[in-house]
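No experiment lies behind these values; they were computed from the predicted model shown.
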Amino acid sequence: MGNIPGICWGFQLLILFVHHCYGFYLPGSYMHTYSTKDAIYAKVNSLTSIETELPFSYYGLPYCKPMGGIKKSAENLGELLMGDQIDNSPYRFQMNVNESLYLCTTSPLNERKVKLLKQRTRDLYQVNMILDNLPVMRITKQNGVNIQWTGFPIGYTPPNSNDDYIINHLKFKVLVHEYEGSGVQIIGTGEEGMGVISEADKTKASGFEIVGFEVIPCSVKYDPEVMTKLHMYDNISSVNCPLELDKSQIIREQERISFTYEVEFVKSDIRWPSRWDAYLKMEGSRVHWFSILNSLMVITFLAGIVFVILLRTVRRDLTRYEELDKEAQAHMNEELSGWKLVVGDVFREPNHSKLLCIMIGDGVQIMGMALVTIVFAALGFMSPASRGMLLTGMIILYLFLGIAAGYVTVCLWRTLKGTAEGWRSLSWSVACFFPGIVFVILTALNFILWGSKSTGAIPISLYFILLSLWFCISVPLTLLGGYLGTRAEPIQYPVRTNQIPREIPARKYPSWLLVLGAGTLPFGTLFIELFFILSSIWLGRFYYVFGFLLIVLLLLIIVCAEVSVVLTYMHLCFEDWRWWWNAFFASGSVSLYVFLYSINYLVFDLQSLSGPVSAVLYLGYSMIMAVAIMLATGTIGFITSFYFVHYLFSSVKID
């Protein structure tokens, strides 16, 4: 009863805090307020296409350039790796001023420019424009339903026509919300951060927040003789988008293309913290819940099997075994069958033990990175508004988790070998194994991107940065983790290993068949969410259902652990003491199904993907994803099985 006053005080403080702070916003950037007639400049990102997946520079096409020249925006590590190239643009808006403006007229198009424009148009390339950190949105109607797209096309090709038409007039609609000075306190550093919206500060100046950015793209044929007399930002009369092709701007040699735009500011009730809601609308939430329900059923089924194994079969056998005296135990050992017969071989060192230790270490590093990243993303710290933040965060976490990889690898090595000898070379190996695979694949893909002159190619300077991070942070931390592993207490085996290995009885079917079949259960947990992730990566959709993804990841961990335990027990019952690699691949084989599903997605869902270059890029990135999943899920299965076997045989008394 003495705690009641303290609890009451706690509730009063909570109510006081809620009264003064009516909103808490994580996903987004600093809020900017603008006064009437303030100049706002749009930015342009790389041109992208779901047909080729090869990003290209915006100014690689004959578009108007800003008066002060092209200036690149600051890009973080994640943006560079994703192929983003954000530049300034000549598109200038004045807050709350509706106007129609002229930009520029190109010189007569030559053969090379015409060919490039036609190619980009037919490959369905999109212009990705950004205003106040919001991507431009295009809304189209199909069968009476509004469909939202980010970006707008370079041009279009009418049906049954060989002619192409360029988008040269843009009708922008900027949604603004009047900010009434309720005060915004910003927490965080850098360009992106999180805001706490409070009513504490009433002295803030009023202004307007940009809460939406929409565009209607048009193709309009202008008279170049008239347009060339104008200067940039001269006013022109408003234009209606023509429906007739003869009034649209065709792409052909010697044509001079005039670029114009108009902007309309519309007041909106959308508040700044909610402005990303239109982009992050979660479609198919029932499908996500179905995925989770399906996974829970699999987990319950497997948990029942594990329960039977541990509480009925194993405990019953151990109880009977312990109740016998030594002579009866010796007699019983002659008649025993199943897992009890491999007691002298179950902890025999596996083949390629060094490789196993390395893969387990890398798996711990990858799984730790995935878990922490998804937790932070689910809490809202890695918003799509913070471009490249997710990938940057993953890389930083991976680097610093090298200490965990080194520690686990050396601890397992000492358990297998009984000595820490060679821990330095082992730590070096674990620091270079998975990053080395990624480096080789990315380098091969990079040569393809360089050959295509794509902005998705990693610059040489970024290569040196990545190598510096690898060898200056990841490798030293992995060596430190390895050193700490030499000082840790090694895990002691509960039973001794015989000098002569026991012969393994012949099987009707190979063990790898059972291992491959086991991977279907974790894949059943994962595949629905995998579809949304692949759509986000390859179809340019925003993925922000990290809460669902976190639940699916936790369910995947449980399924992998249960599958591996069941399969390990089955192998031991078949008197097969070579459980080490089987335990790893029982759950790790899910990566094979992930890779096969990626190929299925390429064939049936990415039918628009054109050319061998795009297919090779897709398969290369899918291979990296499959290897990472194999190491992470295999590690979960191995560690769970190791402690299961350790527990199982720790209760057996053998002289």
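- Across K171 and V239, no two heavy atoms sit closer than the pair NZ-O, 2.8 Å.
- Proximity of a side-chain donor or acceptor of S274 to a complementary backbone N or O of I270 within less than 3.5 Å is not detected.
- Between Y165 and Y156, the distance from one ring center to the other falls under 6.0 angstrom.
- In this structure, the side chain of T106 engages the main chain of I257 through a donor-acceptor pair within 3.5 Å.
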Could you walk me through whether V215 and Y261 satisfy the side-chain contact (heavy atoms from CB on, under 4.5 Å) test, starting with their C-alpha distance in whole Å, then the side-chain angles of each, then the deciding distance to 0.1 Å, before giving a yes or no? CA-CA 10 Å; V215 68; Y261 70 98; over 6 Å; no
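- Using bins of under 30°, 30° to 60° and over 60° for the plane-to-plane angle, the ring pair H32/Y34 lands in the tilted bin.
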Assess the residue pair Y222 and Y102 against the criterion (side-chain contact (heavy atoms from CB on, under 4.5 Å)); give the C-alpha distance rounded to whole Å, side-chain angles, the decisive distance to 0.1 Å, and a yes or no. CA-CA 11 Å; Y222 292 107; Y102 165 80; over 6 Å; no
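- In the model, T52 has a side-chain atom that pairs as donor or acceptor with a side-chain atom of Y125 under 3.5 Å.
- Environment of CE in M623: sparse, with no more than 12 heavy atoms of neighbouring residues, nucleotides or ligands closer than 6.0 Å.
- Within the 3.5 Å criterion, the main-chain N or O of N128 finds no donor-acceptor partner in the side chain of Y58.
- The one candidate from D164, D163, N162 that meets the side-chain hydrogen bond (donor to acceptor under 3.5 Å, both in side chains) condition with T157 is D164.
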Verify side chain to side chain donor-acceptor pair (under 3.5 Å) between Y463 and T443, making sure each step is shown before the conclusion. CA-CA 9 Å; Y463 255 105; T443 303; 3.1 Å; yes
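- Ring pair Y601/F531 is perpendicular by interplanar angle, where above 60° counts as perpendicular and below 30° as parallel.
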